[in-house]
Amino acid sequence: MNNFKKYIMLFAAVIGGMITLNGCYEDESTFGDVIAPSNLTIDFTIANADTENPYGDGSGIVNFIAKADNAMNYKFYFGDNTNASTNSGIVAHPFALTGVNTYTVTVVATGTGGASSSISETVTVFSSFDDPETKQLLTGGSTKTWYIAKGMPGHLGLGPMDSATPDWYSASPFEKDECFYNDQLVFTLEGDNIVYNLNNQGETFFNTAFLSVGGGSGSEDACLPYNTSGNKFVTLASATSGLPEEVSTGTQMMFSDGGFMGYYVGQSNYEVLEISDDYMYVRFQMTPPGDTNIAWYMKFTTDPNGGGGSGGGDDELETEYTELFWSDEFDQATLDMSKWNFEIGNNNGWGNQEKQYYTDQNTVIENGILKIIAKRENMEGFEFTSARLNTKGKFNFTHGRMEVRAKLPTGGGTWPAIWMLGANFDNVGWPYCGEIDVMEHVGNEPGRVQSALHFPGNSGGSAVVGSTELPTAQSEFHNYTVEWSPEHIIFAIDNVIYHEFQNNPGIPFSAPYFIILNVAMGGALGGDIDPAFQQSAMEIDYVRVYR
């Protein structure tokens with residue numbers, strides 16, 4: 001099937017009929033006389049039908065072409081509880097009922113002033129489509145609630161139809177209006193049927209081309225009151241986009257009666273690019289009157305917090321990385337300089353207005369414990385000294401599990417960190433290299449620790465942050481862990497997860513990184529330094545990396 005027909009199907013979805021038709025009724029004088037379409041015809045071809053397979057190849061896909069004189073819009077009713085609207089009269093539709101089935105397809109062509117003509121045709125087509133895995137993951141076998149993955153980068157994306165990625169736009173976490181993030185999408189398995197309910201809390205986030213559907217107007221997307229109550233039905237069918245199996249499941253969801261997944265662009269068909277127990281990624285096309293040459297992308301999660309990692313989790317980490325391939329147990333008398341580098345100086349506050357001067361004299365190893373010592377000590381015009389170690393040029397890794405057992409310093413203004421930077425830092429700079437903060441602690445908030453991810457669009461004060469309470473951070477050793485894979489980045493303390501993040505190819509977290517250990521003083525996160533502070537240390541038992 002050529003790309004034109006394949007992509008046409010994506011935007012030929014339920015608009016509810018009223019979008020195009022309302023446009024006709026609003027100002028009949030614009031069109032002159034009321035003229036009903038004439039000479040309406042409908043032709044169809046069944047995908048890959050031949051002498052041996054007269055009803056098609058089992059995909060259930062049928063390509064329709066409707067033509068009429070003076071027609072402005074064509075609406076197809078497919079006889080399977082779905083419909084589609086298009087200005088071109090060209091639609092590719094997948095019929096999903098298993099076996100050989102006959103459907104009555106009706107086309108209503110609308111002309112000026114809302115005048116219309118209709119025609120019906122029967123089509124017999126064979127479908128062998130079945131995707132029980134997607135059905136199970138979507139519904140959990142009973143009922144499952146999905147939320148827009150507001151904490152994930154790219155939870156809403158935009159790109160050209162001839163690409164499989166959102167090349168033009170990728171939303172930052174928590175970027176959109178709150179009403180967009182309040183949606184609850186409930187999928188329920190009733191027998192063999194998937195029933196869908198969208199609880200939009202009374203408001204829907206509309207694309208600017210469809211504001212009139214919600215009774216609004218303007219030049220920007222907006223939240224508008226909209227009734228989404230009532231059951232819709234979801235049919236799983238063969239996807240017609242032609243995307244390769246590396247980037248798509250090959251399944252699309254078709255919603256009855258104008259059902260949609262949170263963001264209103266007049267679309268009711270969604271191709272499932274990826275789905276798991278707790279994550280779903282879909283692709284869809286805008287319908288007329290929007291720009292039909294673009295593809296939208298949305299991410300969903302079963303996490304009510306939107307997958308951004310708000311902290312407070314209690315799931316135990318089940319690692320997929322068990323082979324130890326790099327470590328420092330600090331069981332030698334002095335620091336192993338084949339593994340570590342000292343960073344010296346202040347470097348204009350390291351971009352954070354930090355108050356310490358880093359030296360190669362502020363570390364010591366005692367009884368198998370590395371101590372990074374921050375102290376009140378004048379040096380090079382600075383009131384404090386400390387140390388910052390890294391493995392740059394000596395050890396990098398991409399994906400795996402890093403575990404650091406540490407006890408944190410005391411005192412207001414201390415800012416210890418266990419973190420990683422992209423090894424291409426010197427070439428591309430920050431935040432383009434990416435930053436993974438496995439553990440950060442603020443002495444002015446002694447009972448809390450956090451992790452963070454910095455990348456383009458989400459850096460500095462806009463980083464993706466997770467935090468949790470840890471009252472004994474300064475008095476006891478704890479294991480600080482990051483589980484880093486192509487699919488996710490998980491942060492845990494003592495093997496208990498408190499921050500999860502969905503990784504994806506559009507951000508710089510699938511490249512080599514090096515390790516950094518340091519204790520800063522003051523600065524953007526450390527805050528005010530206690531005037532009574534004299535000295536304290538971050539104590540590290542070991543650093544271990546598994547693959």
Side-chain angles (χ1 to χ4, degrees), residues 134-157 170-189 194-205 223 225-232 234 253 255 259-264 270 272-282 297-318 448-453 458 462-469 483 487-493 496-504:
T134 294
K135 183 181 292 186
Q136 173 67 28
L137 292 171
L138 186 64
T139 65
S142 56
T143 295
K144 184 181 286 190
T145 301
W146 295 85
Y147 306 86
I148 294 169
K150 61 183 179 182
M152 301 180 190
H155 57 271
L156 182 65
S170 181
S172 301
F174 312 104
E175 174 184 312
K176 296 299 179 185
D177 289 352
E178 187 60 31
C179 94
F180 183 42
Y181 299 141
N182 289 334
D183 288 351
Q184 298 176 4
L185 295 78
V186 182
F187 293 83
T188 302
L189 188 62
I194 301 173
V195 179
Y196 172 71
N197 283 273
L198 172 60
N199 180 0
N200 70 344
Q201 315 296 332
E203 287 188 307
T204 280
F205 193 54
C223 291
Y226 195 66
N227 184 4
T228 60
S229 62
N231 289 343
K232 313 293 183 184
V234 178
M253 297 181 288
F255 292 72
F260 61 99
M261 297 182 73
Y263 182 44
Y264 196 102
Y270 299 81
V272 182
L273 301 182
E274 183 180 350
I275 188 168
S276 65
D277 281 332
D278 58 4
Y279 174 69
M280 177 165 49
Y281 190 30
V282 303
Y297 298 78
M298 286 183 70
K299 296 178 180 179
F300 299 89
T301 175
T302 57
D303 177 7
N305 293 316
S310 61
D314 57 5
D315 294 332
E316 185 170 345
L317 176 64
E318 296 181 4
R448 185 181 67 88
V449 296
Q450 71 174 45
S451 53
L453 295 158
N458 291 89
S462 298
V464 178
V465 177
S467 65
T468 189
E469 299 301 313
E483 177 99 351
E487 294 77 30
H488 58 236
I489 304 174
I490 298 174
F491 299 90
I493 297 176
V496 176
I497 297 170
Y498 73 96
H499 182 192
E500 299 182 58
F501 179 86
Q502 296 287 338
N503 200 2
N504 70 76

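Bear in mind that the values here come from a model prediction, so they are computed numbers and not experimental data.
Of all heavy-atom pairs spanning Val282 and Val272, the tightest one is CG1-CA, 4.4 Å. Taking every heavy atom of both residues into account, His155 and Phe180 meet most closely at CD2-CE2, 4.3 Å. Summarising the geometry of Trp146 relative to Asp277, their closest heavy-atom pair is CH2-O, 4.1 Å, with the distance given to 0.1 Å. In terms of heavy atoms, Ala452 sits closest to Val465 at CB-CG2, 3.9 Å. Smallest separation of non-hydrogen atoms from Met261 and Tyr270: N-OH, 3.0 Å. Nearest heavy-atom pair across Ala463 and Leu453 is CB-O, 3.4 Å.
Residues Glu487 and Asn503 fail the side-chain proximity criterion, which asks for heavy atoms closer than 4.5 Å. Using a 4.5 Å heavy-atom cutoff, the side chains of Thr301 and Gln502 are not in contact. Contact check for Met253 versus Leu138: side-chain heavy atoms found under the 4.5 Å cut-off. Within the 4.5 Å cutoff, side-chain heavy atoms of Thr139 are placed close to those of Ile194. Residues Asp303 and Glu500 have side chains not in contact (no heavy-atom distance under 4.5 Å, counting atoms from C-beta outward).
We find the CD-CE distance between Glu274 and Met280 to be 11.5 Å, quoted to the nearest 0.5 Å. A distance of 8.5 Å separates CD1 of Ile497 from CD of Glu316, quoted to the nearest 0.5 Å. Summarising the geometry, atom CG belonging to Leu137 is positioned 6.0 Å from atom NZ belonging to Lys144; distances are rounded to the nearest 0.5 Å. Here the straight-line distance linking atom OG1 of Thr204 with atom OH of Tyr263 works out to 12.0 Å at 0.5 Å rounding. Atom CG of Asp183 and atom CD1 of Ile148 lie 4.5 Å apart (nearest 0.5 Å). Separation of atoms CD1 (Ile275) and CZ (Phe300) is listed at 10.5 Å; rounding is to 0.5 Å.
With sequence neighbours excluded, the residues that form a side chain to side chain contact (heavy atoms under 4.5 Å, CB included) with Asn458 are Ser172, Pro173, Phe455, Val464. In terms of the side chain to side chain donor-acceptor pair (under 3.5 Å) criterion, residue partners of Lys176 (sequence neighbours excluded) are, by chain and number, Tyr169. In this structure, the side chain to side chain donor-acceptor pair (under 3.5 Å) partners of Asn197, at least two apart in sequence or on a different chain, are Asn231. Considering only residues two or more places apart in sequence or on other chains, Tyr279 meets the ring-ring contact (aromatic ring centres under 6.0 Å, His included) condition with none of them. Listed by chain and number, the residues in a side chain to side chain contact (heavy atoms under 4.5 Å, CB included) with Glu203 are Cys179, Cys223 (sequence neighbours excluded). The side chain to side chain contact (heavy atoms under 4.5 Å, CB included) search around Leu273 returns Leu243, Ser248, Glu271, Tyr281, Arg283, Tyr297, not counting sequence neighbours.
Between the side chain of Asn200 and the backbone N or O of Tyr226 there is at least one donor-acceptor pair closer than 3.5 Å. Formation of a donor-acceptor pair under 3.5 Å by the Thr228 side chain with backbone atoms of Leu198 is found in this model. No side-chain donor-acceptor contact under 3.5 Å links Ser467 to the backbone of Gln450.
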(message) If you apply the rule side chain to side chain contact (heavy atoms under 4.5 Å, CB included), what do you find for Tyr147 with Gln184, and how did you get there?
(response) CA-CA 5 Å; Tyr147 306 86; Gln184 298 176 4; 3.7 Å; yes
(message) Pair Lys150, Glu178 - check side chain to side chain contact (heavy atoms under 4.5 Å, CB included), show working.
(response) CA-CA 10 Å; Lys150 61 183 179 182; Glu178 187 60 31; 4.0 Å; yes
